[in-house]
Amino acid sequence: MNVIEINNLTKHFSSKRFSGDKIKALENVSFNVGSGEIFGLLGPNGAGKTTLVKILLGITFLTQGKAALFDKPVTDVNVKRKIGYLPENHKFPNYLTGEQVIEYFGRLSGLKKYDLDKTTYKYLKIVGMDEWGTTKIKKYSKGMMQRLGLAQAMISNPDLIFLDEPTDGVDPIGRKEIRDVLLELKKQGKTIFLNSHLLSEIELICDRVAILNKGALIKEGSVEDITTTENKYIFTTSDLDDATMNKLLLEYKSTVHGKNEFTCLVNGVEDVNKIIDFIRSSGILIHGVNQEKNSLESMFINLIEQKN
Amino acid sequence: MVLYSFIRGIFKEALAKKILLTIFGFFTLIIVLIVFAITNSTVEGLQMMLESKSEGGLREAVMMLQSGIVSGVPMFMLVASMLIITSSFVPDMLKKGHIDLILSKPISRTKIILGHFIAGVVLVFVSFLFLLGIIWIIVSLKTGYWNFYFLYSVLWFTLIFAVLYSAVILIGLLSRSSILTIIINLLVFFPISWLLYLANRYFESDQKGIVFGAFAEAVLKFLYQILPKAWNMQDMCDAFITQNPIVSYQPLISSLLFMAVMLSVSIWYFNKKDY
Ligand SMILES: Nc1ncnc2c1ncn2[C@@H]1O[C@H](COP(=O)(O)OP(=O)(O)OP(=O)(O)O)[C@@H](O)[C@H]1O
Ligand SMILES: [Mg+2]
């Protein structure tokens, strides 16, 4: 089942009061997110990530297209009982303590005092904030606010959680802890929708990603698919002699990196085997053959640069 | 259920910001002043004055005293201070990073507006009940005459507040600024309401010193019909506590209509706005 369905979603903001110009925040974006996935939405600043999440949550209204959560239109208020949300730059009323923040938003999610008494500290503990529950949040650091925000997003035990830059301002250990929390939620069958610039993190935990640029969807797929470049192979060998090197360069259009490594663009596995045969016939030992994987980051940068 | 939690949240907010404390402190001060001001001789003096004009006894004296306590200027001060206190509710909610969270919760936008309205009105009702209730008890104890009709002033004052508070909500939504909201309410609605009140009295009286053009008179009368009428309602309140007949319910009806329009426009606007 798809938890999120987005079809040709378009959002235009009117830019200046009196000029007719429109800011095209989203243009014909379509994708689905399945139940139990950790889905990452990537894109440079101003790409439209936050706008997309806000549309799904009914905070902003779409201009055209369709968006549904749990098969219900996003304008259905009751769907939100199943949803948790950590906005970017969230601000809680700063006269509250951490515990009161959780309680306040928990109640707005429809929880009763009885449930809250049981769960408030459970979630504060999960995010490592249980010792800070009775401290006013104006005394919190940025990362602590972020952890509290995460606890707030989880409090109603939602099936779907939207996190907009959840690790923003959090230290490396905290980030690892947050990743672990998200993986634990996934284990419980929750669906997680993550907005982030931190590609290395997305790569570590997301099942699938979509990349937005200037409001348009430019790539969507599993992290595995996006990061592997199918027709590029890396060979590691014993020392290459000059003749072999020349032939690799001229005939096989390879790029040689020093004496023991070269990469080759191929059209399928036959080509790979031909190269292997050639190398073996030249009396050179093969140490390894690997399909090249780009980091999500280099992929991302390439894609965005191509588009601009 | 969620609406109730929401209203509770606004109350807690008022508590946490020490708004309620300020209100009750301020009101207690007023009460203490009144306790000192009303001495036996005040009432006796009033009574004697009335008797000398053969207008009757204690009852009239007490009513006169009470109608002075909730006359125009105190009404203005009380309602205005409540408007100032509540004017930050909506702009505070609209702050970036907070409104996102509120709107992501299972509560409709219509209920969010109504929740703010109800919370403000209940808060003010409780405060007025505290203030006017204690004043009533003091006056009654000191004079020995219990005029239960005085308690209607709690309802009337809350109503005057509610009418203007509906405008506070709309202006807060549009401007997102509590300062602007306060300024518009105190400098526009109150004075206009007062001027129109005077103008209308003038039109209805027999002796017209200055002659308005027909157009100006029509405009003023039209404005009088549609704008909230705080001062006329205060007159009605006075009639209630002194048990005099009410001349016309029009000011009440048109004020309630104004309130309904303000709330509807607020709800309509809030329901279509991107945040
Ligand atoms: N309320 C608004 N009114 C007008 N334009 C807006 C509004 N909200 C967002 N935009 C515009 O929409 C575009 C997308 O903004 P959005 O906040 O969705 O980007 P983002 O991908 O979340 O960026 P970041 O990574 O910086 O958080 C931007 O050009 C922004 O200026
Ligand atoms: Mg964003």
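In what follows, chains carry the letters A, B, and so on, assigned in the order in which the sequence lines appear, proteins first and then strands, with residues in each chain numbered from 1. Keep in mind that what you see is a predicted model, and the values were worked out from it rather than measured.
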- Flag the pair Lys54(A) and Asp274(B) as a salt bridge only when some basic side-chain nitrogen lies within less than 4.0 angstrom of an acidic carboxylate oxygen.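 No, this pair does not count.
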- Taking the inter-plane angle between the rings of His98(B) and Phe105(A) on a 0 to 90° scale, is it parallel (under 30°), tilted (30 to 60°) or perpendicular (over 60°)?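 Correct class here is perpendicular.
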Taking all non-hydrogen atoms of both residues, which atom of [X] and which atom of [Y] are closest, and how far apart?
| X | Y | answer |
| --- | --- | --- |
| Asp100(B) | Ile59(A) | O-CD1, 3.3 Å |
| Pro106(B) | Val77(A) | C-CG1, 3.3 Å |
| Lys105(B) | Ser109(A) | NZ-OG, 3.0 Å |

Quick one: [atom1] on [X] to [atom2] on [Y], what's the gap to the nearest 0.5 Å?
| X | Y | atom1 | atom2 | result |
| --- | --- | --- | --- | --- |
| Ser108(B) | Asp76(A) | OG | CG | 11.5 Å |
| Arg8(B) | Glu103(A) | CZ | CD | 6.5 Å |
| Arg107(A) | Ile107(B) | CZ | CD1 | 13.5 Å |
| Arg109(B) | Thr75(A) | CZ | OG1 | 11.0 Å |

Whether over 12 other heavy atoms sit under 6.0 Å from [X] [atom1]:
| X | atom1 | result |
| --- | --- | --- |
| Trp231(B) | CH2 | yes |
| Gln188(A) | CD | yes |
| Ile179(B) | CD1 | no |
| Lys24(A) | NZ | no |

Check whether [X] gets within reach of chain B through its side chain, its backbone, both or neither, counting any heavy atom under 4.5 Å.
| X | answer |
| --- | --- |
| Phe61(A) | both |
| Tyr85(A) | both |
| Phe162(A) | neither |

- May I ask you to name which of Gln100(A), Lys11(A), Glu88(A), Lys82(A) has the most heavy-atom pairs under 4.5 Å with chain B?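 Ranked by heavy-atom pairs under 4.5 Å with chain B, first place is Lys11(A).
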- Query: Is there a donor-acceptor pair under 3.5 Å between the side chain of Lys80(A) and the backbone N or O of Leu103(B)?
  - Reply: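 Side chain of Lys80(A) to backbone of Leu103(B), a donor-acceptor pair under 3.5 Å: yes, one is there.
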- Message: Looking only at heavy atoms and a cut-off of under 4.5 Å, which of Ile99(B), Ile102(B), Leu101(B), Asp92(B) has the most pairs with chain A?
- Response: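 Highest number of heavy-atom pairs under 4.5 Å: Leu101(B).
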